[in-house]
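Inspection log for the structure reproduced underneath, given as structure tokens.
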Amino acid sequence: MLIVGNMNNARIAEVFDLIADLLEFQDANPFRVRAYRNGARIIRDFSEPMQAILADPDRKLTDIPGVGKDLAEKIGTLCSTGGLPMLEELQAQVPQSVLTLLRIPGMGPKKVAMLYKELHVATLDQLRDACQQQKVRKLKGFAAKTEEAILAGIALAQTSGDRMCWAGADSYAQSIRAHMLDCKGIEKIEVAGSYRRGKDTIGDLDLLVVSSKVEDVMDRFADFTDSAGVIARGPTKITIRLVNGLQVDMRVVPAGCFGAALVYFTGSKDHNIVLRGLAKDRGLKINEYGVFRVHGSKEEFIAGRTEEEVYKSVDLPWIPPELREARHEFEWARSGKLPKLIELDDLCGDLHMHTTATDGKATLEEMVAAARARGFEYIAITDHSKRVTMARGLDAARLRQQWKEIDRLNRKLKDFRILKGVEVDILEKGGLDLQDDVLAEADWVVASVHYGQNQSREQITKRVVDALENPHVRAIAHPTGRLINRRKPYEIDLDAAFKAARDNNKMMELNANPARLDLDDVACAAAKSFGIPIVISSDSHSADGFHVLRYGVLQARRAGLTKKDVANTRSLEKLNELIAKGRQKAAR
DNA sequence: GCCGTTTTCGGCCCGACTGTTTTCAGTCG
């Protein structure tokens, strides 16, 4: 089969999501729509490229759960032609711009279809005009209030857009939590949702509260300083929107169903669907109020106080929130193979940081003091190389001077080691920014792409693979270059990079900067499947920069990483053994 | 459109809230 170069899993998933949107708009069978969305998620999360499976005569796409004959065929067509006739037909029937109308809160496929059919409204501007001319309120199922809500929603759809990065959401989560704890009658409070699952970006916050004073708790919540207003309020649930656009939901539940409610509000949605399906198989029903045994029309409460109880009711151990994405967690839980996820305290050192020699704000000594205060055994100083002129990157002479200084410090230090390192630039034209004889003197070299990020997939992949084949490079730093909400990852064939890393006994960085977090969770799991050690690094530019490591660890947990999978959980001695393995490989 | 050790046909998670309605559809998570 001819394979089209750029059809990667993410693109296939995008196509299936688009088909799902278009089908939903056409009022197709909702389960058919779900099959496409499900397929999109499974493919996006899959650790290997679909193309690799297609190219292997011994394997079939239909062996992937959720991919049947139909989806398999469409994946094949996409990979061999780059397009899909079915998608083209759908797009001919529905102008793609109507999908933007779905971004308005409260507008779903049914309402959008009605607007398009009756008023030929296909863009946000056309919809605004129709509302202002009071045409919308004349439609069946619409009225004046809906019209006003749409107008407000259009403004919102245009201003707020991006999901917030986890660390940004965390600061709101903490302040709302503190605000609520001032309220009497709160027995328990937990922030659930994708926040609790540690996703790299957060769309909204979900608070779960145990209290018998429901009205008081809701009044307090509505009174949050940054609230721009209450969107909805019922007997158990209240939703507010903050001035920055972030939506925050709160539910108040009795203590007896806290565990069931926590499972429900932690999600993911797809995880909950699988969980409830397992309950159904056992004659049970799971909802946010508990686990119930169904006897005809009667239901008997059997569990729900804790999450453990809920999972136990379907014969499973408790599953950590970070794994609840309907990926492998059920299979692992069933077979007793849930990984013991890495924890922040497992880290013994940090292998990527900068000093005042380049663009850091702290001196070498200050970084060492901060690392020791944190309880680390070692750090690597990895200032930029000369190509990074903006950061006053180091040439060979300045680097050797820094290393001399490190030698001097190391002689004085007990129970602590500074590795002589560098973050060497992978040049636009290929090759590294420092000569091999210089790199050979380093204890630790990370290589990274800063320039030429708009190059083709082939060019960037070759630059990175070549760097991995250099005998002195130990790891690739921030391997996709993404900046959440600011810069897309550059085009890189990660599968090829992982193969090169595996073949050369090299490592891959998970950059803990909350705006970077690359490798992302899926890529990180893929790297693990290649047996590549992951390095969780702070990329600190100041003495208080190490705190970001918690974000990196959270993401590593989402990838299912254990202490063993992460290189810098090792003692210095064991880390050096790992480094030596790469050197031996290079020498052969 | 996917799936199957009670099934190759007939299922497919479950409830809150709103706005439109006189009992419910649509949206959301």
Side-chain angles (χ1 to χ4, degrees), chain A residues 16 19-20 23-25 27-42 61-75 86 101-115 136-150 153 192-197 202-208 214 218 230-239 247-253 257 260-261 263-292 294 299 310 314 324 326:
Chain A
F16 285 174
I19 290 175
L23 284 174
E24 196 168 36
F25 183 79
D27 204 17
N29 176 351
F31 297 106
R32 190 178 168 214
V33 174
R34 186 200 283 177
Y36 276 101
R37 286 206 207 290
N38 209 27
R41 177 179 52 80
I42 288 160
L61 289 173
T62 48
D63 289 341
I64 303 170
V67 177
K69 188 166 159 284
D70 225 88
L71 291 189
E73 230 175 76
K74 291 190 167 75
I75 295 168
M86 179 217 192
L101 304 182
L102 293 171
R103 289 214 303 263
I104 302 169
M107 295 295 284
K110 295 277 155 51
K111 284 189 174 163
V112 171
M114 170 80 106
L115 288 167
V136 171
R137 63 178 66 186
K138 298 194 178 75
L139 299 177
K140 187 171 161 24
F142 292 75
K145 222 164 175 177
T146 312
E147 217 171 50
E148 286 162 28
I150 290 173
S194 52
Y195 171 84
R196 183 161 179 251
R197 301 200 310 278
I202 304 296
D204 58 17
L205 288 174
D206 301 284
L207 251 71
L208 187 60
V214 180
M218 287 201 178
V230 175
I231 296 176
R233 179 169 175 165
T236 64
K237 183 185 162 185
I238 173 168
T239 300
Q247 186 178 313
V248 190
D249 297 334
M250 184 182 72
R251 295 258 189 157
V252 187
V253 300
C257 63
V263 169
Y264 172 66
F265 291 111
T266 299
S268 65
K269 189 170 185 273
D270 294 303
H271 177 92
N272 287 346
I273 289 174
V274 175
L275 190 67
R276 288 170 167 180
L278 293 177
K280 208 163 194 175
D281 295 344
R282 290 162 172 78
L284 305 175
K285 185 172 88 174
I286 297 180
N287 59 28
E288 56 263 57
Y289 301 109
V291 183
F292 301 87
V294 184
E299 291 173 356
V310 174
V314 292
R324 299 183 195 170

Checklist entry - If you pin A/Asn272 and A/Arg233 to their nearest nucleotides in DNA chain B, which one's is more 5'? => result A/Asn272
Next on the checklist: On DNA chain B, compare the nucleotides closest to A/Ile238 and A/Ile273; which residue's is nearer the 5' end?
Outcome noted: A/Ile273
Checklist outcome for this item: With sequence neighbours left out, the residues meeting salt bridge (Lys or Arg N to Asp or Glu O under 4.0 Å) with A/Arg282 are A/Asp315
Checklist outcome for this item: Across all chains, not counting sequence neighbours, the salt bridge (Lys or Arg N to Asp or Glu O under 4.0 Å) partners of A/Glu299 are A/Lys285
Suppose we screen for side chain to side chain contact (heavy atoms under 4.5 Å, CB included). Which residues come up paired with [X], at least two apart in sequence or across chains?
X	result
A/Asp27	A/Lys110
A/Ala326	A/Arg41, A/Asp270, A/Val274, A/Glu329
A/Arg137	A/Gln134, A/Ala144, A/Glu147
A/Ala20	A/Val33, A/Tyr36, A/Arg37

Checklist entry - Going 5' to 3' along nucleotides 20-29 of chain B, which nucleotides have protein heavy atoms under 4.0 Å from the base (write B), which only from the sugar-phosphate (write S), and which from neither (write -)? => result S-----SSSB
Checklist entry - Could you run down nucleotides 2-7 of chain B 5' to 3' and tag each one B, S or - for protein heavy-atom contact under 4.0 Å? => result SS----
[N] to [M] separation - [atom1] atoms, rounded to the nearest Å:
N	M	atom1	answer
B/dT27	B/dT20	C1'	13 Å
B/dT7	B/dC12	C1'	13 Å
B/dT18	B/dT23	C1'	15 Å
B/dG29	B/dC13	C1'	12 Å
B/dG15	B/dG10	P	26 Å
B/dG1	B/dC14	P	25 Å
B/dT6	B/dC17	C1'	39 Å

Measure [atom1]/[X] against [atom2]/[N] and give the value in whole Å, please.
X	N	atom1	atom2	value
A/Tyr289	B/dG15	OH	C1'	7 Å
A/His271	B/dC13	NE2	P	15 Å
A/Lys285	B/dG15	NZ	C1'	9 Å
A/Leu23	B/dG1	CG	C1'	10 Å

Checklist entry - Hey, does the side chain of A/Ser268 reach the backbone of A/Arg324 with a donor-acceptor pair shorter than 3.5 angstrom? => result yes
Next on the checklist: Any side-chain to backbone donor/acceptor pair from A/Asp206 onto A/Ala192? Under 3.5 Å, distance only.
Outcome noted: no
Checklist entry - Which one is paired to B/dT8, where only Watson-Crick or G-U wobble pairs with both distances under 3.5 angstrom count? => result none
Under 4.0 Å, counting only non-hydrogen atoms across every strand here, what does [X] touch: a base, just sugar-phosphate, or nothing?
X	answer
A/Arg34	base
A/Asn287	sugar-phosphate
A/Thr236	sugar-phosphate
A/Ile286	sugar-phosphate

Checklist entry - What pairs with A/Ser194 under side chain to side chain donor-acceptor pair (under 3.5 Å), at least two apart in sequence or on another chain? => result none
Checklist entry - Is B/dT7 in the syn or the anti form, by the rule that syn lies within 90° of 0? => result syn
Item to check | Nucleotide of B/dC12, B/dG15, B/dT18 approaching A/Ala232 most closely (side-chain heavy atoms) | outcome: B/dT18
Checklist entry - A/Val291 pairs by side-chain contact (heavy atoms from CB on, under 4.5 Å) with which of A/Leu284, A/Val263, A/Val314? => result A/Leu284
